[in-house]
Amino acid sequence: MSSPPPDLSLPIIDLANLSTTTQSATTLSDLSSKLHTAFTTTGFAYLTNTPLTLTDHDILTLAHTLFALPHASKMAVAKRTFRPANSNTYRGYFPAQPSPDSLKEGFELGPTTTLPPTLSPLSPHTTINLNEPNIYPPHLPAPARASLETLHRELQALSSTLLSLLATALGQPPSFFAPYLHHSISTLRLLHYPAKKHAEANAAPRFACAPHTDSGLLTLLFQDATGGLEVQSAIVDDDIDGHWTPAPYVPGSIVVNVGDLMGRVSGGEYRATRHRVRSSPEGMDRYSVPFFFEPGAECVVRSVRDEGDRGVRYGEHVLGKMSGWAEFRDGGEGGMVGVESGGEIEVAA
Ligand SMILES: O=C(O)CCC(=O)C(=O)O
Ligand SMILES: [Fe+2]
(Lines give C-alpha, C1' and ligand atoms only; values in the text may rest on other atoms or scores of the structure.)
(Ligands and ions follow the chains in the order given, each with its own letter.)
Protein backbone atom coordinates (compact mmCIF):
# COMPACT_ATOMS: atom_id res chain seq x y z
CA MET A 1 0.00 0.00 0.00
CA SER A 2 1.33 3.42 -0.92
CA SER A 3 1.03 6.39 1.39
CA PRO A 4 -1.73 8.99 0.72
CA PRO A 5 -0.96 11.68 -1.83
CA PRO A 6 0.74 14.86 -0.61
CA ASP A 7 -1.30 18.04 -0.83
CA LEU A 8 0.08 19.35 -4.11
CA SER A 9 0.29 23.09 -4.36
CA LEU A 10 3.15 23.95 -6.64
CA PRO A 11 5.85 26.05 -5.01
CA ILE A 12 6.83 29.44 -6.46
CA ILE A 13 10.57 30.05 -6.64
CA ASP A 14 11.61 33.68 -7.12
CA LEU A 15 14.73 34.02 -9.28
CA ALA A 16 15.11 37.82 -8.91
CA ASN A 17 18.44 37.40 -7.16
CA LEU A 18 19.88 35.58 -10.17
CA SER A 19 19.65 38.81 -12.21
CA THR A 20 22.17 40.67 -10.08
CA THR A 21 25.72 40.65 -11.39
CA THR A 22 27.10 38.80 -8.40
CA GLN A 23 25.19 36.39 -6.23
CA SER A 24 26.10 35.64 -2.64
CA ALA A 25 26.77 32.07 -1.57
CA THR A 26 23.69 32.30 0.64
CA THR A 27 21.46 33.30 -2.30
CA LEU A 28 22.73 30.39 -4.37
CA SER A 29 22.41 27.85 -1.61
CA ASP A 30 18.89 29.09 -0.79
CA LEU A 31 17.80 28.68 -4.43
CA SER A 32 19.53 25.33 -4.64
CA SER A 33 17.65 23.98 -1.65
CA LYS A 34 14.29 25.37 -2.88
CA LEU A 35 14.72 23.63 -6.24
CA HIS A 36 15.83 20.44 -4.49
CA THR A 37 12.75 20.43 -2.24
CA ALA A 38 10.38 21.11 -5.16
CA PHE A 39 11.92 18.42 -7.33
CA THR A 40 11.98 15.74 -4.63
CA THR A 41 8.31 16.33 -3.80
CA THR A 42 6.11 17.56 -6.67
CA GLY A 43 8.70 17.54 -9.48
CA PHE A 44 7.05 20.81 -10.61
CA ALA A 45 7.38 24.48 -9.57
CA TYR A 46 6.73 27.98 -10.87
CA LEU A 47 9.71 30.26 -11.51
CA THR A 48 9.19 34.02 -11.28
CA ASN A 49 11.41 37.03 -12.09
CA THR A 50 13.34 34.99 -14.62
CA PRO A 51 16.26 36.73 -16.39
CA LEU A 52 14.78 36.82 -19.92
CA THR A 53 14.53 39.59 -22.51
CA LEU A 54 11.02 38.65 -23.67
CA THR A 55 7.91 38.69 -21.47
CA ASP A 56 5.57 35.70 -21.38
CA HIS A 57 3.12 37.79 -23.43
CA ASP A 58 5.81 38.36 -26.10
CA ILE A 59 6.57 34.63 -26.14
CA LEU A 60 2.97 33.55 -26.58
CA THR A 61 2.58 36.21 -29.31
CA LEU A 62 5.40 34.46 -31.19
CA ALA A 63 3.34 31.26 -31.10
CA HIS A 64 0.23 33.12 -32.34
CA THR A 65 2.25 34.64 -35.19
CA LEU A 66 3.69 31.33 -36.29
CA PHE A 67 0.47 29.33 -36.21
CA ALA A 68 -1.47 32.12 -37.98
CA LEU A 69 0.76 31.64 -41.06
CA PRO A 70 -0.90 30.06 -44.09
CA HIS A 71 -1.04 26.26 -43.88
CA ALA A 72 1.16 26.00 -47.00
CA SER A 73 3.88 28.10 -45.35
CA LYS A 74 3.91 25.84 -42.28
CA MET A 75 3.78 22.66 -44.37
CA ALA A 76 6.77 23.94 -46.39
CA VAL A 77 8.85 23.14 -43.27
CA ALA A 78 6.90 20.09 -42.07
CA LYS A 79 9.09 17.22 -40.90
CA ARG A 80 9.71 14.59 -43.56
CA THR A 81 7.39 12.11 -41.88
CA PHE A 82 4.53 14.53 -42.52
CA ARG A 83 5.73 15.71 -45.95
CA PRO A 84 8.01 13.18 -47.67
CA ALA A 85 9.40 15.77 -50.12
CA ASN A 86 11.09 17.62 -47.23
CA SER A 87 14.55 16.76 -45.94
CA ASN A 88 14.16 17.93 -42.30
CA THR A 89 13.61 14.97 -39.98
CA TYR A 90 13.62 16.50 -36.49
CA ARG A 91 13.24 20.30 -36.57
CA GLY A 92 10.36 22.21 -38.13
CA TYR A 93 6.58 21.93 -38.16
CA PHE A 94 4.19 19.11 -37.31
CA PRO A 95 0.52 19.44 -38.23
CA ALA A 96 -2.36 18.47 -35.94
CA GLN A 97 -3.00 14.75 -36.36
CA PRO A 98 -6.32 13.02 -35.79
CA SER A 99 -5.78 11.09 -32.57
CA PRO A 100 -8.01 9.61 -29.90
CA ASP A 101 -6.12 11.28 -27.07
CA SER A 102 -4.57 14.57 -28.13
CA LEU A 103 -4.80 17.34 -30.71
CA LYS A 104 -2.07 19.87 -31.35
CA GLU A 105 0.12 21.40 -34.04
CA GLY A 106 3.68 22.37 -33.22
CA PHE A 107 6.90 23.94 -34.40
CA GLU A 108 10.33 23.05 -32.99
CA LEU A 109 13.76 24.60 -33.13
CA GLY A 110 17.09 23.66 -31.61
CA PRO A 111 20.35 25.52 -30.99
CA THR A 112 21.74 27.79 -33.71
CA THR A 113 25.22 26.26 -33.49
CA THR A 114 26.21 23.83 -36.25
CA LEU A 115 26.46 20.28 -34.90
CA PRO A 116 27.86 17.15 -36.58
CA PRO A 117 24.97 15.15 -38.13
CA THR A 118 23.92 12.02 -36.23
CA LEU A 119 21.80 9.78 -38.41
CA SER A 120 19.90 7.30 -36.28
CA PRO A 121 17.23 4.86 -37.42
CA LEU A 122 13.90 5.42 -35.72
CA SER A 123 12.04 2.70 -37.60
CA PRO A 124 12.60 0.76 -40.84
CA HIS A 125 11.09 3.76 -42.66
CA THR A 126 12.53 6.68 -40.75
CA THR A 127 15.99 8.06 -40.00
CA ILE A 128 16.36 11.02 -37.66
CA ASN A 129 19.17 13.57 -37.41
CA LEU A 130 18.98 14.82 -33.84
CA ASN A 131 21.63 17.45 -34.64
CA GLU A 132 19.74 18.92 -37.58
CA PRO A 133 19.93 22.68 -38.29
CA ASN A 134 16.82 24.81 -37.83
CA ILE A 135 14.34 25.53 -40.57
CA TYR A 136 11.71 28.29 -40.55
CA PRO A 137 8.44 28.85 -42.46
CA PRO A 138 9.17 31.10 -45.46
CA HIS A 139 6.70 33.77 -44.34
CA LEU A 140 7.80 33.99 -40.72
CA PRO A 141 8.88 37.63 -40.15
CA ALA A 142 12.65 37.96 -39.57
CA PRO A 143 12.21 39.63 -36.13
CA ALA A 144 10.10 36.67 -34.95
CA ARG A 145 12.83 34.26 -36.01
CA ALA A 146 15.47 36.37 -34.22
CA SER A 147 13.32 36.42 -31.07
CA LEU A 148 12.92 32.64 -31.12
CA GLU A 149 16.67 32.19 -31.37
CA THR A 150 17.32 34.68 -28.56
CA LEU A 151 14.73 32.90 -26.43
CA HIS A 152 16.35 29.51 -27.06
CA ARG A 153 19.76 30.91 -26.09
CA GLU A 154 18.48 32.60 -22.93
CA LEU A 155 16.49 29.55 -21.80
CA GLN A 156 19.55 27.37 -22.37
CA ALA A 157 21.59 29.74 -20.17
CA LEU A 158 18.91 29.87 -17.47
CA SER A 159 18.50 26.07 -17.48
CA SER A 160 22.27 25.63 -17.24
CA THR A 161 22.27 27.85 -14.14
CA LEU A 162 19.46 25.77 -12.63
CA LEU A 163 21.45 22.62 -13.42
CA SER A 164 24.51 23.93 -11.59
CA LEU A 165 22.30 24.71 -8.56
CA LEU A 166 20.96 21.15 -8.72
CA ALA A 167 24.51 19.79 -8.98
CA THR A 168 25.36 21.33 -5.62
CA ALA A 169 22.06 20.10 -4.16
CA LEU A 170 23.12 16.59 -5.22
CA GLY A 171 26.50 17.03 -3.49
CA GLN A 172 28.51 17.69 -6.66
CA PRO A 173 30.58 20.70 -7.76
CA PRO A 174 28.53 23.39 -9.62
CA SER A 175 30.23 22.55 -12.93
CA PHE A 176 29.57 18.81 -12.58
CA PHE A 177 27.06 18.67 -15.46
CA ALA A 178 29.00 20.94 -17.86
CA PRO A 179 30.14 17.95 -20.00
CA TYR A 180 26.49 16.92 -20.39
CA LEU A 181 25.87 20.14 -22.28
CA HIS A 182 28.52 19.59 -24.95
CA HIS A 183 26.52 19.75 -28.22
CA SER A 184 23.31 20.06 -26.20
CA ILE A 185 20.23 19.62 -28.43
CA SER A 186 17.60 21.43 -26.33
CA THR A 187 14.31 21.99 -28.14
CA LEU A 188 12.10 25.07 -28.05
CA ARG A 189 8.58 23.98 -29.04
CA LEU A 190 5.67 26.24 -29.92
CA LEU A 191 2.31 24.53 -29.46
CA HIS A 192 -1.21 25.32 -30.59
CA TYR A 193 -4.14 23.26 -29.39
CA PRO A 194 -6.90 24.17 -31.84
CA ALA A 195 -10.34 25.03 -30.48
CA LYS A 196 -13.01 22.36 -30.58
CA LYS A 197 -15.81 23.25 -32.95
CA HIS A 198 -19.42 22.86 -31.85
CA ALA A 199 -20.05 19.87 -34.11
CA GLU A 200 -16.99 18.03 -32.73
CA ALA A 201 -17.53 18.88 -29.09
CA ASN A 202 -18.70 15.41 -28.04
CA ALA A 203 -16.32 13.44 -30.26
CA ALA A 204 -13.22 15.57 -29.51
CA PRO A 205 -10.41 13.96 -27.52
CA ARG A 206 -10.56 14.33 -23.74
CA PHE A 207 -7.00 15.60 -23.69
CA ALA A 208 -5.26 18.22 -25.75
CA CYS A 209 -2.03 16.52 -24.68
CA ALA A 210 -2.14 12.97 -23.27
CA PRO A 211 -0.53 12.02 -19.92
CA HIS A 212 3.24 11.75 -20.25
CA THR A 213 6.60 12.50 -18.71
CA ASP A 214 9.19 14.66 -20.49
CA SER A 215 12.33 12.92 -21.68
CA GLY A 216 15.08 15.51 -21.10
CA LEU A 217 16.73 17.03 -18.04
CA LEU A 218 14.27 19.83 -17.24
CA THR A 219 11.32 21.48 -19.01
CA LEU A 220 10.57 25.21 -18.78
CA LEU A 221 7.04 26.02 -19.94
CA PHE A 222 5.18 29.20 -20.86
CA GLN A 223 1.40 28.76 -21.03
CA ASP A 224 -1.47 31.10 -21.80
CA ALA A 225 -4.41 31.77 -19.46
CA THR A 226 -6.68 29.09 -21.00
CA GLY A 227 -5.84 26.48 -18.35
CA GLY A 228 -5.96 22.70 -18.65
CA LEU A 229 -2.44 21.71 -17.54
CA GLU A 230 -2.61 19.09 -14.78
CA VAL A 231 0.11 17.42 -12.73
CA GLN A 232 -0.10 13.99 -11.15
CA SER A 233 0.56 14.44 -7.46
CA ALA A 234 1.04 10.76 -6.66
CA ILE A 235 0.33 7.28 -7.90
CA VAL A 236 -1.62 5.61 -5.12
CA ASP A 237 -2.46 1.92 -5.16
CA ASP A 238 -1.19 1.66 -8.74
CA ASP A 239 -4.03 3.90 -9.92
CA ILE A 240 -2.12 5.73 -12.62
CA ASP A 241 -5.25 7.62 -13.60
CA GLY A 242 -5.71 9.24 -10.21
CA HIS A 243 -4.71 12.38 -8.30
CA TRP A 244 -4.45 15.07 -10.94
CA THR A 245 -4.01 18.65 -9.75
CA PRO A 246 -4.36 21.77 -11.95
CA ALA A 247 -1.24 23.82 -12.68
CA PRO A 248 -2.97 27.05 -13.73
CA TYR A 249 -1.48 30.06 -15.46
CA VAL A 250 0.41 32.33 -13.05
CA PRO A 251 1.12 35.67 -14.80
CA GLY A 252 4.80 36.31 -15.50
CA SER A 253 5.88 32.82 -14.49
CA ILE A 254 7.52 29.78 -16.07
CA VAL A 255 6.46 26.29 -15.02
CA VAL A 256 9.54 24.10 -14.50
CA ASN A 257 9.50 20.32 -14.22
CA VAL A 258 11.86 17.38 -13.96
CA GLY A 259 12.38 15.23 -17.07
CA ASP A 260 13.23 11.53 -17.16
CA LEU A 261 16.98 12.18 -17.39
CA MET A 262 17.13 14.36 -14.29
CA GLY A 263 15.15 11.65 -12.52
CA ARG A 264 17.81 9.15 -13.55
CA VAL A 265 20.76 11.43 -12.77
CA SER A 266 19.43 11.98 -9.26
CA GLY A 267 19.03 8.25 -8.69
CA GLY A 268 15.24 8.70 -8.60
CA GLU A 269 15.36 11.43 -5.95
CA TYR A 270 13.86 13.97 -8.36
CA ARG A 271 10.37 13.14 -9.62
CA ALA A 272 9.79 13.14 -13.39
CA THR A 273 6.11 13.82 -12.77
CA ARG A 274 3.42 12.82 -15.24
CA HIS A 275 1.35 15.68 -16.58
CA ARG A 276 -1.35 16.25 -19.20
CA VAL A 277 -3.43 19.00 -20.76
CA ARG A 278 -7.22 18.76 -20.67
CA SER A 279 -9.13 19.78 -23.78
CA SER A 280 -10.15 23.42 -23.64
CA PRO A 281 -13.78 24.43 -23.41
CA GLU A 282 -15.51 24.56 -26.78
CA GLY A 283 -14.36 27.42 -28.98
CA MET A 284 -11.11 28.14 -27.07
CA ASP A 285 -7.67 27.77 -28.61
CA ARG A 286 -4.74 27.16 -26.28
CA TYR A 287 -1.09 28.12 -26.86
CA SER A 288 1.98 27.07 -24.91
CA VAL A 289 5.74 27.18 -25.37
CA PRO A 290 7.78 24.45 -23.63
CA PHE A 291 11.60 24.44 -23.69
CA PHE A 292 13.06 20.96 -23.31
CA PHE A 293 16.53 21.23 -21.78
CA GLU A 294 18.49 18.32 -23.19
CA PRO A 295 22.12 17.11 -23.15
CA GLY A 296 24.13 16.24 -26.27
CA ALA A 297 23.01 13.23 -28.31
CA GLU A 298 26.32 11.50 -27.40
CA CYS A 299 26.10 12.31 -23.69
CA VAL A 300 26.06 9.29 -21.39
CA VAL A 301 23.64 10.02 -18.56
CA ARG A 302 24.43 8.31 -15.25
CA SER A 303 23.05 8.36 -11.72
CA VAL A 304 25.19 10.36 -9.29
CA ARG A 305 23.95 7.99 -6.58
CA ASP A 306 25.14 4.74 -8.16
CA GLU A 307 28.80 4.33 -9.11
CA GLY A 308 27.95 1.13 -10.94
CA ASP A 309 25.42 2.80 -13.26
CA ARG A 310 26.69 2.25 -16.80
CA GLY A 311 24.39 5.00 -17.99
CA VAL A 312 22.39 5.58 -21.13
CA ARG A 313 23.43 7.54 -24.24
CA TYR A 314 20.91 10.34 -24.61
CA GLY A 315 20.44 9.91 -28.38
CA GLU A 316 19.56 6.25 -27.90
CA HIS A 317 17.29 7.03 -24.99
CA VAL A 318 15.30 9.62 -26.87
CA LEU A 319 15.05 7.62 -30.10
CA GLY A 320 14.03 4.49 -28.21
CA LYS A 321 11.19 6.40 -26.62
CA MET A 322 10.24 8.06 -29.89
CA SER A 323 10.15 4.76 -31.77
CA GLY A 324 7.69 3.38 -29.26
CA TRP A 325 5.56 6.43 -29.75
CA ALA A 326 5.87 6.34 -33.53
CA GLU A 327 4.77 2.71 -33.73
CA PHE A 328 1.85 3.65 -31.60
CA ARG A 329 0.85 6.17 -34.25
CA ASP A 330 2.13 4.35 -37.33
CA GLY A 331 -0.02 1.25 -37.22
CA GLY A 332 3.08 -0.54 -38.55
CA GLU A 333 2.15 -0.07 -42.20
CA GLY A 334 4.57 2.68 -43.10
CA GLY A 335 1.79 5.25 -42.94
CA MET A 336 2.22 8.78 -41.67
CA VAL A 337 4.46 8.58 -38.61
CA GLY A 338 4.24 11.53 -36.27
CA VAL A 339 7.70 12.48 -35.06
CA GLU A 340 8.11 15.26 -32.57
CA SER A 341 11.31 16.21 -30.82
CA GLY A 342 12.59 14.55 -27.72
CA GLY A 343 10.60 16.58 -25.28
CA GLU A 344 7.62 14.42 -24.79
CA ILE A 345 6.95 10.78 -24.28
CA GLU A 346 3.33 9.94 -24.66
CA VAL A 347 1.96 7.26 -22.40
CA ALA A 348 -0.43 5.21 -24.47
CA ALA A 349 -3.81 5.13 -22.76
O1 LIG B 1 1.01 22.61 -23.31
C2 LIG B 1 1.34 22.42 -22.15
O3 LIG B 1 0.99 23.15 -21.23
C4 LIG B 1 2.22 21.23 -21.79
C5 LIG B 1 2.89 20.62 -22.98
C6 LIG B 1 3.75 19.46 -22.60
O7 LIG B 1 3.67 18.95 -21.51
C8 LIG B 1 4.74 18.94 -23.55
O9 LIG B 1 4.74 19.36 -24.73
O10 LIG B 1 5.55 18.09 -23.14
FE1 LIG C 1 5.34 17.66 -21.13
Side-chain angles (χ1 to χ4, degrees), residues 10 39 42-47 56 59-60 62-64 66-67 79 90-91 93-97 99 101-110 152 155 159 185-196 205-232 244-251 253-263 270-281 284-294 317-318 321-322 324-325 328-329 338-349:
L10 301 183
F39 290 169
T42 58
F44 265 78
Y46 291 96
L47 303 175
D56 56 348
I59 292 163
L60 289 159
L62 287 170
H64 288 210
L66 190 133
F67 293 116
K79 303 179 189 201
Y90 192 58
R91 303 305 185 187
Y93 175 71
F94 62 89
Q97 295 293 295
S99 154
D101 59 7
S102 69
L103 189 65
K104 61 191 174 204
E105 59 175 334
F107 174 79
E108 296 172 319
L109 66 140
H152 190 291
L155 288 172
S159 305
I185 53 169
S186 300
T187 298
L188 181 63
R189 174 189 286 176
L190 309 185
L191 283 173
H192 171 214
Y193 302 96
K196 277 185 285 196
R206 197 154 65 102
F207 301 119
C209 179
H212 66 279
T213 58
D214 295 338
S215 64
L217 292 163
L218 297 173
T219 303
L220 273 58
L221 172 85
F222 302 85
Q223 60 173 327
D224 69 13
T226 310
L229 177 62
E230 294 181 338
V231 172
Q232 193 166 39
W244 291 92
T245 306
Y249 169 65
V250 171
S253 73
I254 299 180
V255 177
V256 62
N257 67 278
V258 173
D260 292 340
L261 289 191
M262 206 62 218
Y270 294 162
R271 275 190 69 204
T273 307
R274 273 170 30 112
H275 51 287
R276 66 187 186 187
V277 182
R278 283 199 166 279
S279 288
S280 303
M284 282 179 85
D285 289 79
R286 181 173 186 274
Y287 293 85
S288 70
V289 180
F291 175 76
F292 301 105
F293 181 47
E294 298 169 83
H317 169 79
V318 77
K321 297 282 192 147
M322 284 164 66
W325 184 79
F328 171 60
R329 291 288 160 102
V339 177
E340 303 171 26
S341 298
E344 175 183 323
I345 297 157
E346 302 241 350
V347 178

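These values consider heavy atoms only, across backbone and side chains, with no hydrogens, waters or symmetry-generated copies. We count ligands from 1, going down the list as the structure has it; atoms in each ligand are counted the same way.
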I'd like to know: is the Fe ion (ligand 2) within the 2.8 Å range of an N/O/S atom from His275, strictly under that distance?
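Under 2.8 Å: His275 contacts the Fe ion (ligand 2) through an N, O or S atom.
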[X] side chain vs [Y] backbone, donor-acceptor pair below 3.5 Å:
| X | Y | result |
| --- | --- | --- |
| Thr213 | Arg274 | no |
| His152 | Ser186 | yes |
| Lys79 | Tyr90 | yes |

Any side-chain donor near an acceptor of the partner, Arg276 and Gln232, under 3.5 Å
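No, Gln232 and Arg276 have no side-chain donor paired with an acceptor closer than 3.5 Å.
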Is it the side chain (CB and beyond), the backbone, both or neither of Leu221 that lies under 4.0 Å from ligand 1, heavy atoms counted?
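For Leu221, the contact with ligand 1 is made by the side chain alone.
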Can you tell which part of Leu191 has a heavy atom less than 4.0 Å from ligand 1: side chain, backbone, both or neither?
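The part of Leu191 near ligand 1 is the side chain, not the backbone.
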Please indicate whether any nitrogen or oxygen in Gln223 is less than 3.5 Å from any nitrogen or oxygen in ligand 1.
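N/O-N/O distance below 3.5 Å does not exist for this pair.
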Under the ring pair (Phe, Tyr, Trp, His ring centres under 6.0 Å) test, which residues partner Phe222, sequence neighbours left out?
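For Phe222 there are no ring pair (Phe, Tyr, Trp, His ring centres under 6.0 Å) partners, ignoring immediate neighbours.
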Using a 4.0 Å cutoff against the non-hydrogen atoms of [X], which atoms of ligand 1 qualify?
| X | result |
| --- | --- |
| His275 | 7 (O) |
| Tyr193 | 1 (O), 2 (C), 4 (C), 5 (C) |
| Phe292 | 8 (C), 9 (O), 10 (O) |
| Val277 | 1 (O), 2 (C), 3 (O), 4 (C) |

What pairs with Thr226 under side-chain hydrogen bond (donor to acceptor under 3.5 Å, both in side chains), at least two apart in sequence or on another chain?
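Result, side-chain hydrogen bond (donor to acceptor under 3.5 Å, both in side chains) vs Thr226: Asp224.
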With the Fe ion (ligand 2) as the point of reference, which N/O/S atom of Asp214 is the closest?
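Restricting Asp214 to its N, O and S atoms, the minimum distance to the Fe ion (ligand 2) goes to OD1.
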Heavy-atom proximity to atom 2 (C) of ligand 1, best of Arg286, Lys104, Arg189, His192
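Selected option, by shortest heavy-atom distance: Arg286.
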Using 30° and 60° as the class boundaries, would you call the ring planes of Phe39 and Tyr270 parallel, tilted or perpendicular?
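The arrangement is perpendicular - the two ring planes meet at more than 60°.
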